[in-house]
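Just so you know, these numbers use all the heavy atoms, side chains as well, and skip hydrogens, waters and symmetry mates. Here, residue 1 is the first one in the sequence, and each next residue gets the next number.
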Amino acid sequence: MKITPENERKISELLEKMSVRDKILQMFQMDKSAHKEEFPALSEENLGSYLSIMGEEVEALRQKAKATEHAIPPIFGIDAIHGHAWRPFATIFPSQLAMACSWNEELIEEMGAATAKEVNADGLDWVFSPVLCIARDTRWGRVDETFGEDPYLIGKLGAAIIRGYERDGLVASCAKHYIGYGEATGGRDSYDTEVTMRKVREVFLPPFKEAVEAGASTVMTAYGTLDGTPMTAHRELLTDILRGELGFEGFVVTDYCNYKLISTKHRVAQDAREAARLGITAGNDMSMNTVAFIDAAVAEAECGNIPMETIDEAVRRILRVKFALGLFEEKERMPKSVIACKEHRRLNHALTRESLVLLKNNGVIPIDNSPEKAPKSIAVIGPNANGMENQYGDWTFTSHREPAEYKRMKNDRYTVLAGMREIFPDSEIKYCLGCPVSGEEGADIAEAVRLAESADLTVLVLGDDLSQNGEAKDRAKLELTGKQTELLAAVKAVGKPLVTVMVTGKPLCIGDVLEKSDAVVQMFCGSDLGGLAAAELISGKFNPSGKLPISYPRSVGALPCYYNGYSSWHWGGYCDEERGALLSFGYGLSFTEYEYSDMEVSERTVKNGESFTVSANVTNKGKMAGKETVQLYITDHFSSVMTPRINLRGFKKIHLEPGETKRVCFTVTPDDLALVNRREETVVEPGKFTVYIAPCVPDFTYEEEKMAKIVEITE
Ligand code: BGC
């Protein structure tokens, strides 16, 4: 976001002319659907922002604002979190969790830029994206909205998407939900988060630091409380840390009705007036919804309970973003033709291919689809084989607006069934449901068995549905629901090759699926082209390169199972469950084999505060070209506070032709070695560190190994 002296002067002039009510109205974002009664009168006033309004009404509201005394343009926000997905017929990219599997910052940045164009063309100005929450308790319903479990990866991918959104000044991005939301107790959406401030700094803050550095224009406060203080009222985090330390210059918006929440649920404010005072003085600039906020904030400001300078600062920050977006000049918008244009489709295709993770393959795939060699017939079976809703996941028009639209859609959307039909034109593709995701209605496992028996190969598409994935859809169980496990066992018993595709919003407990299938492809919510890319992967049209941004639990009781936990005397296992994650962060197969060798560090002894480099060769030993994500991990041997066993501190995605070797080099900076000490300071403590270059999380070690070297940091 550009801050210019010229705009600052204009803002000062405006502030001088505005009444207290004018200012508070700028600090309000209206959701029409929640306030139908108040909407007609309020929309005649100069409101700061509208939420989730689309179509012709946007322009009508803009014109109304123009007719008000100060004619300040409203900023229109939308949950475009994986493409402009609330709008049918726009480009819907894989969900954040799915795209995180690509570990591809470039593609994710381009995805942000493409989404910005589509949102801008549609008359809107602000995307409530990215989600920088950390998904460690995967019972939480919003795992699919995150970039996974690792603060480092989340920070890098979050920064990439923000650079894309903000690149051409077409929309403002919104880093959310500040902070610790994903760590809510019991994985219960919007509950309290019981973590210390030291932990906040170590784990939850780094992605927001990256977001601010990448130029995020806005930040959204989380619903929950942190150690008893609602985020909406957390002055230390919102003002001292976010603005004072991180240097954030944009504005902060609350999440939906947070002002109401702090008096009705958190009960730290007695009424709307106290809530308004607490929230504004803590550092919130805009209230998302809660109409009572307007009169309450006006009354508190007029009697001096909220200093006018605080209100002016909040309004200044909001106006800054509006000026930076060119809303006052009515900057020309992108043409509507960018929405779902061919270029975005190409980008979506590339990103979707890299978003798939091959979890298992005993050699059954790739399957030749040439007319001579293609299987005669393929059975495509399963509840997620022939419907787009679950493949789109949450925050799309199918989950939030009009599912009926989906029925009318004729353009480029691929279920796995549609993908298989297109990629295997010479095979007879037979389909049946087998069973629904939940419940038993319509289940016919005998039919599925007959179909599998009559085919040369079965592609089984299992997963979850929209009642199990999304906001406030937390799960106490993570096993496959309905009769899916039975369906899997029955199809396996047929004895023909079995490829399973998982269309899910999160990692489920899939021990059974891995055991019974010959190959398993994890799609998560692959959106528009998920089905096409899955079929292409099965046929070997491209070499899979996705790696997991999140670990898979063996069972719900074994959560959390994220890779960068702590060591303990008893190793954190359970007497009735195998130790460790079923599949760990960083894991993913391909159709070729990469060899890692010749690791070197530039120096063995490094002065504290200085950087060093670490490099290794990576060779494609197989017959197929491919992309490999090379990962850098670090373990701190001894320190004043306990540190995670191992932490990701770098990654590079490289392309390798068969037989090709590339040398991959990382620079390790002091930031990569830092910890947060007991005084909450981020420091590097001298001592030994092991650095690893690996294709996935390595076993941590205090010894030197082929791909692990020890470096000593001196005073
Ligand atoms: C969600 C936010 C979202 C907002 C606006 C809330 O329920 O928590 O992530 O941006 O609604 O739709």
Side-chain angles (χ1 to χ4, degrees), residues 1-3 130-134 150-156 158-159 162-163 166 172-183 193 195-222 224-255 278-286 307 309-310 313-314 316-318 320-321 324 608-609 611 639-641 643-644 647 649 669-685:
M1 185 188 48
K2 256 196 254 140
I3 298 182
V131 171
L132 301 180
C133 298
I134 293 171
D150 181 61
Y152 183 88
L153 182 63
I154 294 171
K156 295 298 172 206
I162 288 168
R163 285 195 300 273
E166 304 257 355
S173 63
C174 182
K176 69 186 189 183
H177 307 82
Y178 190 79
I179 198 168
Y181 183 10
E183 199 83 349
T193 298
V195 298
T196 60
M197 282 300 288
R198 198 188 74 77
K199 187 76 153 214
V200 166
R201 288 181 177 280
E202 183 187 86
V203 177
F204 302 97
L205 201 58
F208 284 94
K209 182 169 183 279
E210 294 269 357
V212 171
E213 282 165 11
S217 290
T218 73
V219 166
M220 187 185 292
T221 37
T225 55
L226 201 123
D227 193 18
T229 302
M231 276 314 309
T232 319
H234 211 301
R235 191 178 156 82
E236 185 186 354
L237 273 162
L238 289 175
T239 298
D240 305 346
I241 295 181
L242 181 63
R243 298 199 169 96
E245 289 180 31
L246 303 192
F248 175 63
E249 288 177 319
F251 73 83
V252 172
V253 62
T254 71
D255 203 343
L278 284 179
I280 295 173
T281 53
N284 292 278
D285 303 313
M286 184 179 279
E309 307 83 73
T310 308
E313 250 328 287
R316 176 178 294 280
R317 289 191 284 251
I318 293 167
R320 242 178 220 161
V321 172
N608 198 350
S611 301
S639 41
S640 63
V641 288
T643 54
N647 268 319
R649 285 294 177 259
T669 67
D671 276 353
D672 299 324
L673 306 172
L675 55 76
V676 180
N677 68 17
R678 274 196 292 275
R679 288 186 300 278
E680 290 179 27
E681 298 153 343
T682 304
V683 294
V684 179
E685 293 181 350

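Every residue meeting the ring-ring contact (aromatic ring centres under 6.0 Å, His included) condition with Tyr178, not counting sequence neighbours, appears here in chain and number order: Phe208. Every residue two or more places apart in sequence or in another chain that forms a side chain to side chain contact (heavy atoms under 4.5 Å, CB included) with Asn677 is listed here: Ser640, Leu675, Arg679, Glu681, Val683, Glu685. Remark: Thr225 pairs with Asp192, Pro230, His266 by the side chain to side chain contact (heavy atoms under 4.5 Å, CB included) rule, at least two apart or across chains. Residues that satisfy the side chain to side chain contact (heavy atoms under 4.5 Å, CB included) test with Val203, not counting sequence neighbours, are Ile134, Arg136, Pro151, Lys199. Residues meeting the side chain to side chain contact (heavy atoms under 4.5 Å, CB included) test with Arg678, sequence neighbours left out: Val641.
For the atom pair Leu242 CG and Ile179 CD1, the distance stands at 8.5 Å (nearest 0.5 Å). Distance OG1/Thr221 to NE2/His177: 9.5 Å, rounded to 0.5 Å. To the nearest 0.5 angstrom, Leu226 atom CG is 9.0 Å from Thr196 atom OG1. Here Arg235 contributes atom CZ and Ile241 contributes atom CD1; the two are 12.0 Å apart, rounded to the nearest 0.5 Å. Note that OG1 of Thr229 is 4.5 Å distant from NE2 of His234, once rounded to the nearest 0.5 Å. Atom-to-atom distance recorded for Thr669:OG1 and Arg649:CZ is 9.0 Å, nearest 0.5 angstrom.
Annotation: side chain of Phe251 is not in contact with side chain of Arg320 (no heavy-atom distance under 4.5 Å). Taking the side chain as every heavy atom from C-beta outward, Leu237 and Met197 approach each other to under 4.5 Å. With a 4.5 Å cut-off on side-chain heavy atoms, Val252 and Arg317 do not count as touching. Here the side chains of Asp255 and Lys176 are not in contact, with every heavy-atom distance at 4.5 Å or above.
The two atoms that bring Ala222 and Tyr181 nearest to each other are CB-CB, 3.9 Å, heavy atoms only. Across all their heavy atoms, Leu132 and Pro207 have their closest contact at CD1-O, 3.7 Å. The minimum heavy-atom distance between Cys133 and Gly182, with the atom names listed, is CB-N, 4.1 Å. Contact record, Ala214 with Ile162: O-CG2, 3.7 Å, taken as the closest heavy-atom pair. Closest non-hydrogen pair, Gly250 versus Val321, comes out as CA-CG2, 4.4 Å. Taking each heavy atom of Thr239 and Gly283 in turn, the nearest pair found is OG1-CA, 3.5 Å.
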Give the intermediate values and the outcome of side chain to side chain contact (heavy atoms under 4.5 Å, CB included) for residues Val200 and Val195. CA-CA 7 Å; Val200 166; Val195 298; 3.8 Å; yes
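Within the structure, salt bridge (Lys or Arg N to Asp or Glu O under 4.0 Å) contacts touching residues 201-217 (residues at least two apart or in different chains) are Lys156-Glu210, Arg198-Glu202, Arg201-Glu245, Arg201-Glu680, Lys209-Glu213.
One side chain, Glu166 or Ser173, offers a donor N or O that lies under 3.5 Å from an acceptor on the other.
Listed for the Asp285 side chain is no donor-acceptor partner under 3.5 Å among the backbone atoms of Ile318.
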